Structures are given as structure tokens and as C-alpha cells.
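Accompanying notes for the structure given below.
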Amino acid sequence: MTDEKAVAVICLWEKAKPVEPMESDDLGMYYWNRDFEKVREYLKVKHELNEQVRDMLTAEELADLKALFYIGRGSEQGEHYAQVLEHMKTLQSEPLSIDEIDSILSKTSLLENIIIGASLVGRPTLATRLREIRPLPDNADAPVLPEDTAQNDSEPPETTQPA
């Protein structure tokens, strides 16, 4: 999948799933007092997102998106990208079903894990472009990309001596 297509998909996902501020006393959904209008709106937005992505991606491109996600999540190492991609390809059908698309787009950590996965498989440009869409939360365990680091060659790295 090209970087442009990955960015386009994540932009659609980000519009459909904006960061919602959490109230300090919010413990989640109140079971007995649901807002069914919000539920209907959520399902409508979710369906439209899945339809747009189904029209945009091939089965192979969806497999690539899933491979980046699962590598970023820590299920596999970046060195195993080719094997993970091949495995994901075997799980996709043509034409893509809404369920296959929703299985990845429903992830709340989609952006964070694709950023991590892209950097782990050697696609730092994609990771950087995705970070521009929505910065990672402070608690995200993302690897530092080379362009994000400032190296100081004047001081040797600290080493520990055995006791």
C-alpha cells in the first residue's frame, strides 16, 4: 500500500473517530440512561467509514494495513513483516466485506499502532506523515524515529561497570 493511500484511510478514520475528552468522573457508559440518537449517529458514521474504505482499498492493501497494525501492537517483530503480510493476505476475501474492514477500523489504537508498525518495518516517512494527522498520546510506547532524535557525539554513551 502506498503512503498516500495509508494516509487517506487514516484521515477518514480520524474524522470518524475524533478524540473525545474524558470527564474526570466518567466511568464509561451508564447502562440505564443511553442516548439512542448518539448510538444511531455512531453506527451511521461507522457504516459510511467502512463503505468509503471498502471502495478505496484492495484486499492486499487492507492486509498491509492490518500487518502494520499488528506489528505495531507488538504481536510480531518488524523483521517478520513479509510473513505477517502474507498471512494477512490469506485472511482477506475479494471483494472485501464490511466485517473485514470494521475488524481493523474499529480499533481505538489504530493510528498509534500503525505509526509504531510503520517505523518498525522501515517506513519512517509514513510514520512521520501519520504523526502529523494526530500526535501520539504521551503514554504511547512508540519507537523514536531517526529524524526525531538529536545525537550528541561529543559525549560517549554511559556504560555500567560490573560490580
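Keep in mind that what you see is a predicted model, and the values were worked out from it rather than measured. These values consider heavy atoms only, across backbone and side chains, with no hydrogens, waters or symmetry-generated copies.
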Nearest heavy-atom contact between Lys107 and Trp13 is O-CZ2, 3.4 Å
dist His87:NE2 -> Gln92:CD (nearest 0.5 Å) comes out at 10.0 Å
(Q) One thing to verify: whether Lys5 and Asp64 come together as a salt bridge, which I'm taking to mean a side-chain N less than 4.0 angstrom from a carboxylate O. (A) no
So do Leu126 and Val7 actually touch side chain to side chain, heavy atoms under 4.5 Å? yes
On a heavy-atom basis, the closest approach of Ser93 and Pro95 is OG-O, 3.3 Å
Heavy-atom nearest pair, Val121 first then Gly78, reads CG1-O, 4.0 Å
Heavy-atom closest pair (Glu61 atom, Leu57 atom, distance to 0.1 Å) is OE1-CA, 3.3 Å
When rounded to the nearest 0.5 Å, the distance separating CG of Leu62 from CE of Met1 is 8.0 Å
Rounded to the nearest 0.5 Å, the CD atom of Glu100 sits from the CE atom of Met88 at a distance of 12.0 Å
>> Just so I know, are the side chains of Glu86 and Lys89 near enough to count as touching, which here means a heavy-atom distance under 4.5 Å?
In response: yes
Would you say Leu91 ends up clustered with Val84 if hydrophobic residues are merged whenever their side chains have heavy atoms under 4.5 Å apart, either directly or through other cluster members? yes
Taken to the nearest 0.5 Å, the spacing of Met56 CE from Leu12 CG works out to 4.5 Å
One should read off an interatomic distance between Ile101 CD1 and Leu96 CG, to the nearest 0.5 angstrom, of 5.0 Å
Nearest heavy-atom contact between Ala16 and Val45 is CB-CG1, 3.6 Å
Do Lys66 and Ser103 get their side chains close enough for a donor-acceptor pair, meaning under 3.5 Å? yes
Assess whether atom CD of Glu60 is packed by more than 12 heavy atoms of other residues, nucleotides or ligands within 6.0 Å.
no
Rounding to 0.5 Å, atoms NZ (Lys15) and CD1 (Ile133) come to a distance of 10.0 Å
Correct closest heavy-atom pair for Ile71 and Tyr81 would be CD1-CA, 3.6 Å
query: Do Leu65 and Val53 come close enough that some side-chain heavy atom pair is under 4.5 Å?
result: no
Between Val9 and the options Leu105, Ile114, Leu110, the side-chain contact (heavy atoms from CB on, under 4.5 Å) test singles out Leu105
**Prompt:** Hey, does Arg54 have a side-chain heavy atom less than 4.5 Å from the side chain of Ile98?
**Reply:** yes
Handout entry: N-O pairing of Glu132 and Arg129 below 4.0 Å
Key = no
